[in-house]
Novice: 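What follows is a structure written as structure tokens; I'll ask about it next.
These numbers were taken from a predicted model, which means no experiment stands behind them. Letters A, B, ... are given to chains in the order of the sequence lines, protein chains preceding strands, and every chain is numbered from 1.
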Amino acid sequence: MQLQIKYFGLIAEITNCDKETIEFSKTLISELLEELYDKYPSLKQKDFKVAQNHEIVSNNSKITNPEIALLPPFSGG
Amino acid sequence: MQLQIKYFGLIAEITNCDKETIEFSKTLISELLEELYDKYPSLKQKDFKVAQNHEIVSNNSKITNPEIALLPPFSGG
Amino acid sequence: MTKERKPKNVFKEGAISSEFIAESIAKHQSKTSIGAHNIFLGQVRADAIDGKTVSAIEYTAYEDMANPKFHEIRETTFSKFNLTCMHIYHSLGTVKSGEICLFVFVSSPRRKEVFKALEYVVEEIKAKVPVYGKEIFEDSTHQWKVNS
Amino acid sequence: MTKERKPKNVFKEGAISSEFIAESIAKHQSKTSIGAHNIFLGQVRADAIDGKTVSAIEYTAYEDMANPKFHEIRETTFSKFNLTCMHIYHSLGTVKSGEICLFVFVSSPRRKEVFKALEYVVEEIKAKVPVYGKEIFEDSTHQWKVNS
């Protein structure tokens with residue numbers, strides 16, 4: 001499945017892009033993260049959450065949506 | 001001693017004036033109130049506090065200032 | 001706080017305009033240590049009481065006592081909370097329903113302070129300042145407002 | 001509350017002006033059941049960090065998630081508190097120090113409700129809405145803002 005991964009704030013500085021499309025054949029968020037850690041090793045040290053369907057999801061969640069966002073701590077307001 | 005008595009809100013409607021000067025020969029707020037109740041009997045039914053030197057005082061207080069105010073419940077804001 | 005603040009005249013004749021509030025906000029843009037403002041506005045309600053509707057409130061005050069009380073509330077609030085500044089304005093005279101009669105404005109580096117401080121100031125004003133609201137009905141009769 | 005409210009776009013490009021806030025206040029003068037307004041304004045601080053001073057914050061957001069989250073916060077707040085209306089505006093893009101980046105406005109017949117509601121809304125925004133502030137220093141370096 002093709003996934004669009006969106007990056008924000010400090011995370012987008014590490015990936016050096018706001019979004020990218022990747023080909024993904026596994027099922028879990030945690031498996032996606034393993035692939036991203038391989039591509040961007042310094043992501044591992046960073047604090048972020050994963051959103052799917054515009055909600056924060058746990059790493060054990062299944063990927064059901066082609067848009068996944070990596071969200072560092074919010075700092076609005 | 002001459003006292004200036006100030007009336008506010010509902011109390012000023014009962015006394016039909018905002019202030020008046022009265023001759024007073026006793027010493028306590030409670031004694032002043034007795035005189036005012038004689039003059040304005042319907043004052044007795046009303047809820048108000050007495051201020052002297054711009055502070056609420058109890059009925060047992062001595063009168064030390066020629067300006068005394070009768071203050072019904074505040075309704076600012 | 002060692003900085004001395006002089007008693008101000010808190011009262012304004014008539015309603016407090018939205019332009020006045022905007023100017024007050026704009027003046028704070030040079031105070032760049034501020035991170036959070038909190039503003040309370042009291043607005044005159046067109047309450048229906050026994051079939052009659054409030055069209056305005058006429059405010060009077062024991063000003064000689066009210067201004068020192070406002071000052072006392074300011075001083076206590078500054079000592080309790082970490083505020084950069086505070087402004088209080090209260091109407092005297094006639095304020096029509098829908099118009100603003102009370103404007104309290106607190107500012108601080110941090111938001112937690114402004115929430116606590118603003119509620120404190122407003123409750124203190126309601127409890128301690130001799131101001132009287134006469135609710136005027138459309139038929140020109142009236143009743144004296146009671147705070148709840 | 002059965003009245004349905006549609007999701008709005010909460011974001012505004014650049015700083016929120018005091019004139020915009022004044023217009024928003026003035027629009028409420030026709031709502032004569034309102035007795036109390038409470039307004040929170042977030043202002044960009046010129047914080048000094050390691051000898052450098054913040055000159056602006058550049059805001060970005062995951063808008064597709066942020067607008068539904070703002071809507072969810074609105075709906076929950078209306079269900080928890082007796083409010084007449086509520087407005088939320090957040091800046092995107094560059095907001096200079098001293099300028100306003102967040103404007104939350106709640107109104108109710110009664111003051112007790114607005115105090116509780118406003119603090120609830122602001123804390124929910126800080127906790128749940130994916131917005132990012134990049135603090136730009138005078139020398140054009142930057143760091144990512146962290147909420148406390």
Novice: Taking non-hydrogen atoms and a cut-off under 4.5 angstrom, which of residues 65-77 of chain A neighbour chain D?
Specialist: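 Against chain D, the residues of residues 65-77 of chain A that fall inside the cut-off (heavy atoms, under 4.5 Å) are A:Glu67, A:Ala69, A:Leu71, A:Pro72, A:Pro73, A:Phe74, A:Ser75, A:Gly76, A:Gly77.
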Novice: Just grab all the side chain to side chain donor-acceptor pair (under 3.5 Å) pairs involving residues 3-13 of chain A, residues at least two apart or on different chains.
Specialist: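 Qualifying pairs, neighbours excluded: A:Tyr7-A:Glu20, A:Glu13-D:His142, A:Glu13-D:Trp144.
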Novice: Let me confirm one number: the NZ-OG1 distance from A:Lys39 to A:Thr15, rounded to the nearest 0.5 Å.
Specialist: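 Spacing of NZ (A:Lys39) from OG1 (A:Thr15) equals 9.0 Å.
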Novice: Any sub-3.5 Å donor-acceptor pair from D:Thr77's side-chain atoms to D:Ile73's backbone N or O?
Specialist: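 The answer is yes, because a donor-acceptor pair under 3.5 Å joins these two groups.
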Novice: Could you pull out the closest heavy-atom pair between D:Ile88 and D:Phe70, with the gap in Å?
Specialist: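 Heavy atoms only, the tightest pair is CG2-CE2, 3.7 Å.
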Novice: A side-chain contact here means heavy atoms from C-beta on lying under 4.5 Å apart; do D:Lys128 and D:Glu123 qualify?
Specialist: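 The answer is no; the side chains never approach within 4.5 Å.
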Novice: Distance-only, no hydrogens or angles: does the A:Gln52 side chain make a donor-acceptor pair with backbone N or O of A:Lys62 under 3.5 Å?
Specialist: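 A pair under 3.5 Å: yes.
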Novice: Does any heavy atom of chain A fall under 4.5 Å from the side chain of D:Glu135, the backbone, both, or neither of them?
Specialist: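 When you check distances to chain A, no heavy atom of D:Glu135 falls under 4.5 Å.
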Novice: Tabulate, in ascending numerical order, the residues of residues 94-110 of chain D having at least one heavy atom closer than 4.5 Å to a heavy atom of chain A, or enter 'none'.
Specialist: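 The list, in residue order, reads D:Cys101, D:Leu102.
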Novice: State whether D:Glu113 and D:Lys116 are salt-bridged, where the test is any N-O pair (Lys NZ or Arg NE/NH1/NH2 against Asp/Glu carboxylate O) under 4.0 Å.
Specialist: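 Result for this pair is yes, salt bridge flagged.
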Novice: Which atoms form the tightest heavy-atom contact between A:Asn60 and A:Leu28, and what is the distance?
Specialist: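 Shortest heavy-atom contact: O-CD2, 3.5 Å.
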Novice: Just wondering, do D:His87 and D:His28 contact through their side chains at under 4.5 Å, heavy atoms?
Specialist: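 Yes - at least one pair of side-chain heavy atoms lies under 4.5 Å apart.
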Novice: Heavy atoms only: give me the nearest A:Glu55-D:Glu72 pair and the separation to one decimal.
Specialist: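 Where A:Glu55 meets D:Glu72 most closely, the heavy atoms are OE2-OE1, 3.6 Å.
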Novice: By a 4.5 Å heavy-atom criterion (distance strictly below it), what part of D:Lys145 contacts chain A: side chain, backbone, both, or neither?
Specialist: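 Answer is both: backbone and side chain atoms of D:Lys145 are under 4.5 Å from chain A.
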Novice: Under 4.5 Å, heavy atom to heavy atom, which residues of residues 41-62 of chain D contact chain A?
Specialist: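 D:Tyr59, D:Ala61, D:Tyr62 fall under the 4.5 Å cut-off.
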Novice: Taking all non-hydrogen atoms of both residues, which atom of D:Val114 and which atom of D:Ala36 are closest, and how far apart?
Specialist: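 Between these two residues, the closest heavy atoms are CG1-O, 3.4 Å.
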Novice: Flag the pair D:Ile16 / D:Ser91 as yes when at least one side-chain heavy-atom distance between them is below 4.5 Å, and no otherwise.
Specialist: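 The answer is yes; the side chains approach within 4.5 Å.
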Novice: When you compare the side chain of A:Val50 with that of A:Phe48, does any pair of heavy atoms fall below 4.5 Å?
Specialist: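 Yes. Closest side-chain heavy atoms under 4.5 Å.
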Novice: Please rank D:Ala66, D:Ala127, D:Pro130 by heavy-atom pairs under 4.5 Å with chain A and give me the top one.
Specialist: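 Heavy-atom pair counts peak at D:Pro130.
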Novice: Does some side-chain heavy atom of A:Tyr40 sit less than 4.5 Å from a side-chain heavy atom of A:Asn16?
Specialist: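 Side chain of A:Asn16 against side chain of A:Tyr40, heavy atoms only: no contact under 4.5 Å found.
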